[in-house]
Structures are given as structure tokens and as C-alpha cells.
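One structure is given below, encoded as C-alpha cells.
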Amino acid sequence: MKNLVISVPRLEIHRPPISTAIIAEVIRSHGHNVQALDLNCELFHFLPDRQSYYNHDEIWDKRRPWTFAELKNLIKFIKIKCLTKMEEYDRFWISVFGSSGHVFTELLLKSIRKHLPGKIIVLGGQGTFNVDIAGSKTFGYKMKEKNLCNLYLVGEGEEVVKDVLDGQLTGHGISDENPAQIKDLNALPFPNYGFYDLDRYDYLTDNKEVFIVGSRGCVRRCTYCDVAKYWPKYRYRSGSNIASEMIRHYERHGVSNFYFTDSLVNGSMKAFNDMCEILAKYNSQHKAGFKWRGQFIFRPKNQVPQDHFATVAEAGGQEFYVGVETGSDKIRWEMDKKFTNEDIDFQLEEFNKHGLRVFFLMLIGYVTETIEDHRDTLKMFKRWQKYVATGTIQGIDLATGLEFLSNTPLERQIQQHGVYFLKPTKKDSTEYVDHSMWQARKNPDLDMYERLRRRLETHEEAIKYNWPIWRGSQRLKAVKSTANKYLNFLKDQPTHPKIVVQDNLHFFE
Amino acid sequence: MKITIDIEGTFCNTWPNLVVEVNNQIIYSNYIINSKIIELQFDNLRQTGNRFVIGMDNKSFGKKGIWDTKTKNNQIIEDKTLTIRSIKLDDVECITLMNNIFHIQRVDKQPTYFPDKVQSQGVINYNGYFTFSFDLPLYNSLINLKYKKPMDNEISYFSNYTKVFHYEEEKEVINDIYNILKEIDEKFSNKRAKIRNS
């Protein structure tokens, strides 16, 4: 049986997809015939320019439907670039990265069923497992129900794919939403990028870059985050195992740039330090010029070993994305982040000393945020402006605000905070509840209006101190859309609004 | 404003004399003997167009027969030079703002066809100076000078760093949102309060 592993838009086009590079290698090493097809990359080259490619983001994010011309073009793309390449294979393993893969995947599945009947379709990836906060069915379940796939796999693919190859049609993770977790990540095969033409990607620099997975899950349990839903237990590879993989990609493909997909690249300090020491040594001996980036957590100052950041820099550590979230120590503590502004002071100075760079990821309007907390957030722009001027702070993502995600600690605190949702009007509604349209009885001052106002004030303060606001206008357009939904919601409310209860959630509608 | 200069001098007949000026005021003039880190304070700044100048003024090119470069068999064996390793204003590195352009002040027997400017990465081989300008607030100005680039719309959405520090579009959207909030204030504050206080 000939297998084809397929990745679908939307994925970032700056690196080859890692999930399918792993799955294809698992299938190959299990003794089966396999090839890989990156439809995200194919679409990038099929469309006339970058802007056309990025214009599709709004469709993938379900912020607008496709136009007739766009749909026609996508169908043409599927016929020419997808189905013709797919017809010689018997079984398709389609990896859906997240909910932004749903729209294209469904269109592709319908086309396969229509034009290539009899092929076996197996869906996988985190996108199969996405579910709405109000408890609707997962994407994988829905596709199976519509007979658009034969199986959908939930959880980590490395083991369950082998089960399917061995003929199993049921079991943990096979069209079943209770997957087993892999215990030893060191035993997994390295992704095989030999399945891809690495020259076809739109790299961010002149050097090729690939993803690295050093760990799965997270050591933290930040209240708003749903990582634990996908990976309940934190597991990590040894530092030497990760370094070996990076060295292999460098020696085989000349790849010297890496992007860690980990929730936190320094989740395990031991593994992180071991990796850095090996890479630093290799770098100095072979002049490999490794550069790598990833999400990072600032730790309490007393937990950071001496010379730690010097070794990180020698190992090629370059840019780190840190969930600073707020300027208020109190709010950061309530989020379970467990570091303070003083810890940030220390780490910014160390970053500055060793030429490391940082991106701040922010979350404005946390459920317990008071006006004093908000003022603390405003103060941070002046406090750390020096590090913008030194180039240490490379960017700040002010994001769009707090959303209640399913399977998060915060979702479990909905009753405790007296959270209720404002249902968008028919004009604005989608099939989903808008998780950003919430208010909390325990913190009535922070209603939708006030959250929007604080979000704007924060943005203005960032502008005042000349911070590098990342994706500023895109984020603000999303905030504007929320503001319009709130306005429309108020317009449609009766003079005496009433609350209703649905699926254990409280709504004004 | 705190000014921190890390500099090294090399000897020939005498040590090189470093001159630092801000807004045409000399704030430092002294010999640099080997390596030195100099800390200065200058607070008489203007809102715009402050000019920082750093240079050397005592290299002799044949005056009274004295040459501050000595050669033997076409090799320089002694030379009066300064090498600037770092210039920090309020702890922020500014050496790149000199753009590697050194302005020469010809003296003595230096030929008239000698250029007015030469490319140099912080090394001072002649009398003359490096310079750059800045405004206040200092950090805002340094951020723009060091990092703000002309916008390039050909770069992809995810990686378009040239859009950073160009706030025009953001300000427009902020105004749009304030207008929405204003409409809510004017027309729906009652409903808003009823829901909030429910």
C-alpha cells in the first residue's frame, strides 16, 4: 500500500512542516512505502504573490468567507496540484495543524471523496481535536460522521500510526478521544526533512531553518492556556538527544537555524543546560553558526545558574518569546506564571549583556485585573524602554485580550469569577461562541467596554515609548471587530436585558 | 545624560588627545594613555538636533618636522591613533550611529587632495571626528535612529519587521475603535450598566 503524508494550509511557510516529516519517517522506518506532500508550500507557489497567499489567512481563520473567485481558484489548485499528485497513492495521512486548517481540509476531503473514491483517508494533528468551549464535537469526529475520512487520530502520532499500519482500526487515539501519551521522547525517530525540497520554503533569513521539538507539554499551568489539554503531562528529551538532532540536520542538509516548537524551550533546566553546553562546544569546534529561537520562561532570579546566559549565547541561542503578559506582579501570580518584574529586570540585563533578544507576549485584561494592575502594565513601557533602545527587546505582541479556552484552569474558574458571555448578534455570529465576549460579576468594572479601553491605552503607551509592536495593526483590527460585535450586541439588547443559561454557561443574548 | 566611552590610544611622540563635544561644547579633552573607560555627564540638551562629536586633535603631520606616524621599510612601527570600542548614551550603545564615516581635518603637510571623509570602523588615524545627532526623549530618538527602517510591503506578513515603529495605520484603527466606544457611551450606557451590574 502506497502512503502519502499530507500537510495542509494554514502553516507557516518559513520552515518545512515538522509533524509530517516525523510521521513520514515513522511510516518509512516501519517498512512501508511513503512520500510526503506539503500542500501549504504548493499553495504558496501556486498563488501569484505573497500577498495573495496571506490574504487567505482571513478565510482560514473564519473571519470571512471566501469570495467566489477565491473558491474557484482553490478548487483549481486542488485539482491541478493536489489530486493529480495524490491519485497514485492508496492511503492519505492528512495532518491538520490547528483550527486554521479546517476550512481547507474539508474542501480537500470533499474533493478526494468525489474524484478519488476508494482511497483511505486518515486525519491527524491537533486540528482534529479542536473543540468549542460550549462542548461541540471535534473536527475529526465531524469529518468521520460526514464520511469524509476513514479514521481520525488523536494525540501523538508516532505510536498510533504504527498501530494503524499494523491493521488496528480501534484503540486509544484511533477515532477515539482518549489518546495514550508517549513516555520516552528520546526513543522517537528524528524528523526526516529528506522528504521535502528545502529550497522551496520562504525562510526568514538567508539560512535554512527547521523546527525542533524538545519537549511536549509544559511545566507551568498558566490559567488561560490549553496546552495541558493536548499534552497533560510534561515530557522532555535529553539535552544530548536534542543537540544530536540539530547537529544531524546541520551535517545532512546544511541547516543551521532552528525554531523550537516547545511551549518552553527551558522547561527542564537540566536538559536545556546540557543541550546548550553540547551546542556551544560543537559551535566552537566546527564554526557551525547555530542560531535558534523559541518560547522561553523567565525564572526567578535565584533559580538561574551563574554564567547561564553566556552559555546560551555561545550555543547559538538568539531570540526568545516570553509570556510576560502584564506589568502587574499580582496578576502574573494569579495567572500562575511565578516570576516578578524584578526577575524580568535581572533577565533583561543578562540578555542585554550577552546579545540575546526577547519578544514580550502580552495578555491585556485578565479576569481579575483592576485599574491599579492596568497602571502597572502601563508603567512597564517606560521601565524597560532602555532595552528596546539596546535592541534586547525586539518586539511586543499586545494580542487581542483574554479569551476563555476550553480545558483550561480558567474555564474551570468560570463559576468562581461569575463569568458570563455576551452572545454576538445574528449578523456577527458564527457557529462558535465568541470567547472574547465575556464579563465577570466578581470584577464588574472590567466589562467589555473597559477592557477595550485598556487595550487601546496600552497600545498608545507602547507607541509613546516607541516599542516595536508586533503585528500591531492586525491585532487592532481584531480588537475593532470585537468592539463592533459589542456595539451590535448592545444595539440589539432589549431595554431590560435578561440572562439565559445554556450548556452550563450564562449568556446575555 | 550619561556618556560612557570605551577607547584605546596608541603612542607616537605623545599620546593622542581625545576631544568630546556635545552641541559645540567641549566636555572632554585629554590624553588617552592605553585603554580607558571615560564616564561623562551632560544635561544641557536641546529638544531636537543635539550633536555629538568625538575625535582627535593632536596628530602632527610634519609640523616643525614632527610626524606622528613612524615607518621603517614601508612598515608602520609607531602611530598615534584612537580606537573607539563603544560609545553609550544612558547605557545604550550608539557606535553604529557614526555610520563608519570619519570627517578629516587636514593639518600641516597633509595634501589638499586628501579626502574630507573616510570609511572607518571606530579607528581614528587622523585629526578629525566622528559625529551623530539625536533628539529628546533620548531613547525614543535612539530607537528610531537605530532600528526604524523604510516600510517594505514585499515582505511576508509574519516576518515584516519593517512595519515596526511605523504607527500610522495603528493610530487610525485606534481612532476608529475610540469612535465605537464613543457611540456606546452616548447611546448605550444604560444597557451597558444594566448588564454590568446584573
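Chain A is the first sequence line, chain B the second, and so forth, proteins listed ahead of strands; every chain is numbered from 1.
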task: Tell me, out of A:A440, A:S473, A:G418, A:G391, who's got the most heavy-atom pairs with chain B below 4.5 Å.
output: A:S473
message: Please rank B:L145, B:I174, B:D176 by heavy-atom pairs under 4.5 Å with chain A and give me the top one.
response: B:I174
- request: Could you check which of A:G472, A:P444, A:P468 has the highest count of heavy-atom pairs closer than 4.5 Å to chain B?
  value: A:P468
message: Using every non-hydrogen atom in the two residues, find where A:W467 and B:Y167 come nearest and quote the distance to one decimal.
response: O-OH, 2.5 Å
task: First locate atom CD1 of B:I184, then atom CZ of A:R453, and finally report the distance between them rounded to the nearest 0.5 Å.
output: 13.0 Å
message: Would you say CZ of A:F97 has more than 12 non-hydrogen atoms from neighbouring residues, nucleotides or ligands within 6.0 angstrom?
response: no
- request: Write down the atom of B:I180, the atom of A:N484, and the distance for their closest heavy-atom approach.
  value: CD1-OD1, 3.4 Å
statement: Residue from B:D185, B:N197, B:N190 scoring the most non-hydrogen pairs under 4.5 Å with chain A is B:D185
Flag if over 12 foreign heavy atoms under 6.0 Å of NZ, A:K382: no
message: Under 4.5 Å from any heavy atom of chain A, what part of B:N140 do you find: side chain, backbone, both or neither?
response: both
- prompt: Side chains of B:Y178 and A:E460: donor-acceptor distance under 3.5 Å anywhere?
  reply: yes
- prompt: Is it the case that more than 12 heavy atoms not belonging to B:Q121 sit under 6.0 Å from its CD atom?
  reply: no
task: Counting only heavy atoms closer than 4.5 Å, note whether B:Y139 contacts chain A via side chain, backbone, both or neither.
output: both
- request: Please report the closest heavy-atom contact between B:I143 and A:A389, naming both atoms and the distance.
  value: CG1-CA, 3.6 Å
- prompt: Taking B:K191 for the side chain and A:L490 for the main chain, is one N or O donor matched with an acceptor at less than 3.5 Å?
  reply: yes
task: Test salt bridge (charged side-chain N to carboxylate O under 4.0 Å, His left out) on A:K386 and B:D90 and set out the steps.
output: CA-CA 8 Å; A:K386 178 176 106 175; B:D90 279 350; over 6 Å; no
task: Nearest 0.5 Å please: distance from the NZ atom of B:K88 over to the OG1 atom of A:T390.
output: 9.0 Å
statement: For B:F165 and A:N466, the nearest pair of non-hydrogen atoms, with its separation, is CE2-O, 3.2 Å
Which of A:H459, A:M448, A:Q439 touches chain B most, by non-hydrogen pairs under 4.5 Å: A:H459
- prompt: Considering only heavy atoms, which portion of A:Y420 lies under 4.5 Å from any heavy atom of chain B: side chain, backbone, both, or neither?
  reply: side chain
query: Quick one: do B:E169 and A:K477 make a salt bridge, cutoff under 4.0 Å?
result: yes
field: Presence of salt bridge, A:D447 and B:R192, under 4.0 angstrom
entry: yes
query: What do you reckon, is CG of A:D49 surrounded by more than 12 foreign heavy atoms closer than 6.0 Å?
result: yes
query: Between B:E170 and A:L476, what is the shortest heavy-atom contact and its length?
result: O-CD1, 3.5 Å
Approximate separation, where rounding is to 0.5 Å, of B:L181 CG and A:Y486 OH: 9.0 Å
